[in-house]
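For reference, the structure is listed below as structure tokens.
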There are 2 protein chains.
Amino acid sequence: MSEKELRRNLAVLTVSTTIKLTGLTARQLRYYESFSLVQPQRSAGNQRLYSLNDIDCLLEIKSYLSSGMTMEEVKRVLTSGKSTNLVNDSTVSDSQARKIFRKEMLRIGQWGNNHDSNNLF
Amino acid sequence: MSEKELRRNLAVLTVSTTIKLTGLTARQLRYYESFSLVQPQRSAGNQRLYSLNDIDCLLEIKSYLSSGMTMEEVKRVLTSGKSTNLVNDSTVSDSQARKIFRKEMLRIGQWGNNHDSNNLF
DNA sequence: AGTTTCATGTTATAAAAGCTAACATGAGCG
DNA sequence: CGCTCATGTTAGCTTTTATAACATGAAACT
């Protein structure tokens with residue numbers, strides 16, 4: 001692993017800063033972890049420690065979810081397909097299309113929510 | 001400020017990770033802060049939050065101190081001379097030379113202390 | 001030799017942040 | 001309508017952090 005990769009994998013960020021950096025809630029962080037979508041390290045006292053890579057991953061998850069995917073689908077995309085590419089080979093089911101549309105509509109109505117255009121690290 | 005500078009100035013590191021990254025103690029972090037050598041941000045709940053720049057700064061302070069400088073001298077070097085250069089124009093006083101020598105001797109006797117060759121970020 | 005100063009250790013006490021687990025909920029789906 | 005899913009909320013407990021005060025060992029300065 002290169003030095004840069006090492007740095008990006010250093011687990012140095014606590015839950016609260018991870019919340020700030022991703023715009024997710026503590027509940028969401030734990031929920032996603034329960035699906036093994038992220039695996040933060042733990043401090044000696046059992047507190048979660050996220051790396052910059054984890055942050056990236058979380059932002060990706062967030063994006064996938066907000067586009068209508070379910071947890072299981074996100075998991076499949078993240079674990080199997082190692083392509084960073086957003087466009088996936090899986091065909092979009094009917095119900096998924098509807099879901100995506102709905103979420104999209106919802107998103108449009110969101111004002112006073114600054115947490116969606118971040119690409120922090 | 002460039003985007004990279006922004007990132008390096010993001011206050012995202014708690015005391016415990018700062019301790020790990022610098023090898024300093026909590027006491028030292030606060031003491032140095034009391035001289036305004038670093039000025040970490042504070043969380044909503046008043047907890048210190050360090051940036052990568054702060055880490056660099058702390059490592060620099062650590063190095064200066066271990067080379068025999070006093071707090072006030074370190075402060076002068078850090079605030080006035082904006083040169084990143086380690087070699088300073090100030091002449092080394094007699095007592096300082098002795099101090100440096102002593103510290104150096106002490107340092108040589110330090111084993112089981114892995115925290116001195118880090119250039120983490 | 002006695003006293004001061006300096007950098008740091010140590011301790012006590014309070015507050016903030018984090019953990020787990022359980023129950024609650026609202027929207028979509030069948 | 002009843003079920004599932006993603007998330008909110010709450011409760012009780014542990015870890016981390018904060019401040020402030022007192023302690024200390026080595027140097028420096030009379």
Side-chain angles (χ1 to χ4, degrees), chain A residues 11-20 22-35 37 40-50 58 61-75 93-107 109 113 115, chain B residues 11-20 22-35 37 40-50 58 61-75 93-107 109-110 113:
Chain A
V12 289
L13 304 171
T14 60
V15 165
S16 54
T17 77
T18 300
I19 286 175
K20 279 188 219 141
T22 62
L24 297 167
T25 68
R27 183 68 164 91
Q28 288 173 306
L29 295 181
R30 295 192 216 108
Y31 190 57
Y32 303 162
E33 185 180 343
S34 78
F35 282 81
L37 297 188
Q41 307 265 123
R42 295 294 185 121
S43 76
N46 198 38
Q47 302 203 174
R48 271 165 264 255
L49 290 173
Y50 296 88
L58 287 167
I61 293 170
K62 184 183 181 183
S63 155
Y64 283 143
L65 283 176
S66 84
S67 81
M69 280 182 161
T70 148
M71 228 27 92
E72 286 300 344
E73 290 163 338
V74 173
K75 178 163 190 173
S93 80
D94 215 48
S95 72
Q96 229 169 43
R98 264 178 287 133
K99 210 187 301 187
I100 291 173
F101 179 74
R102 236 181 298 109
K103 292 246 183 182
E104 201 52 42
M105 287 297 98
L106 278 178
R107 203 136 53 97
N113 181 344
H115 258 305
Chain B
V12 289
L13 306 170
T14 61
V15 164
S16 54
T17 78
T18 301
I19 285 174
K20 279 188 218 142
T22 62
L24 297 167
T25 68
R27 183 69 163 88
Q28 288 173 306
L29 295 181
R30 295 192 217 106
Y31 190 56
Y32 303 163
E33 185 180 343
S34 77
F35 281 82
L37 297 188
Q41 308 266 121
R42 296 293 184 122
S43 76
N46 198 38
Q47 302 202 175
R48 271 165 263 256
L49 290 173
Y50 296 88
L58 286 168
I61 293 170
K62 184 184 180 182
S63 154
Y64 283 142
L65 282 176
S66 85
S67 82
M69 280 182 161
T70 128
M71 228 28 93
E72 286 300 344
E73 289 163 339
V74 173
K75 179 163 190 175
S93 79
D94 215 46
S95 72
Q96 229 168 44
R98 264 177 287 134
K99 211 186 301 185
I100 291 173
F101 178 74
R102 238 180 297 110
K103 291 244 183 185
E104 201 53 41
M105 287 298 97
L106 278 177
R107 201 134 56 97
Q110 282 183 4
N113 181 343

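Just so it is clear, the values below take in all heavy atoms, side chains as well, and ignore hydrogens, waters and symmetry mates. Convention: sequence-line order gives letters A, B, ...; per-chain numbering from 1. Quick caveat, the model's predicted, so the values are computed rather than measured.
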Rounded to the nearest angstrom, tell me the gap between atom [atom1] in [X] and atom [atom2] in [N].
X	N	atom1	atom2	value
B:K62	C:dT8	NZ	P	11 Å
A:L58	D:dT7	CG	P	12 Å
B:I61	C:dA7	CD1	P	12 Å
B:L29	C:dA7	CG	P	15 Å
B:F35	C:dT5	CZ	C1'	11 Å
A:L37	D:dA6	CG	P	10 Å
B:Q28	C:dT10	CD	C1'	14 Å
B:E33	D:dT17	CD	C1'	12 Å

Counting side-chain heavy atoms from CB outward, which of [options] is closest to [X]?
X	options	value
B:V15	D:dT17, D:dT7, C:dC19	D:dT17
A:T70	D:dA6, C:dG9, D:dA18	D:dA6
B:R48	D:dA18, D:dG8, C:dT8	D:dA18
A:N46	C:dG18, D:dT19, C:dC19	C:dC19

If only side-chain N and O atoms of [X] are considered, is one of them under 4.0 Å from the OP1 or OP2 phosphate oxygen of [N]?
X	N	result
B:Y31	C:dA7	yes
A:S43	D:dT16	yes
A:Q47	C:dC19	no
B:T14	D:dT17	yes
B:Y32	C:dA7	no
A:R42	C:dT20	yes

- Message: Just so I know, are the side chains of B:M71 and B:L65 near enough to count as touching, which here means a heavy-atom distance under 4.5 Å?
- Response: yes
- So do the side chains of B:R42 and B:R48 get within less than 4.5 Å of each other, counting heavy atoms only? yes
- How far apart are the C-alpha atoms of B:L13 and A:L13, what are their side-chain angles, what is the distance that settles it, and do they pass the side-chain contact (heavy atoms from CB on, under 4.5 Å) test? CA-CA 6 Å; B:L13 306 170; A:L13 304 171; 4.0 Å; yes
- Query: Out of B:T14, B:T17, B:L29, which residue meets the side chain to side chain contact (heavy atoms under 4.5 Å, CB included) rule with B:Y50?
  - Reply: B:L29
- Whichever of A:R27 and B:R30 has the more 5' nearest nucleotide on DNA chain D, that residue is A:R27
- Message: Which is more 5' along DNA chain D, the nucleotide nearest A:E72 or the one nearest A:G45? Just name the residue.
- Response: A:E72
- Task: For the pair A:L49 and A:V12, evaluate side-chain contact (heavy atoms from CB on, under 4.5 Å) and give the outcome as yes or no after the intermediate values.
- Result: CA-CA 6 Å; A:L49 290 173; A:V12 289; over 6 Å; no
- Pairwise 5' ranking along DNA chain C for B:T25 and B:A44, keeping only the more 5' one: B:T25
- Item | Residues A:F35, A:V74; criterion side-chain contact (heavy atoms from CB on, under 4.5 Å); working and verdict | CA-CA 10 Å; A:F35 282 81; A:V74 173; over 6 Å; no
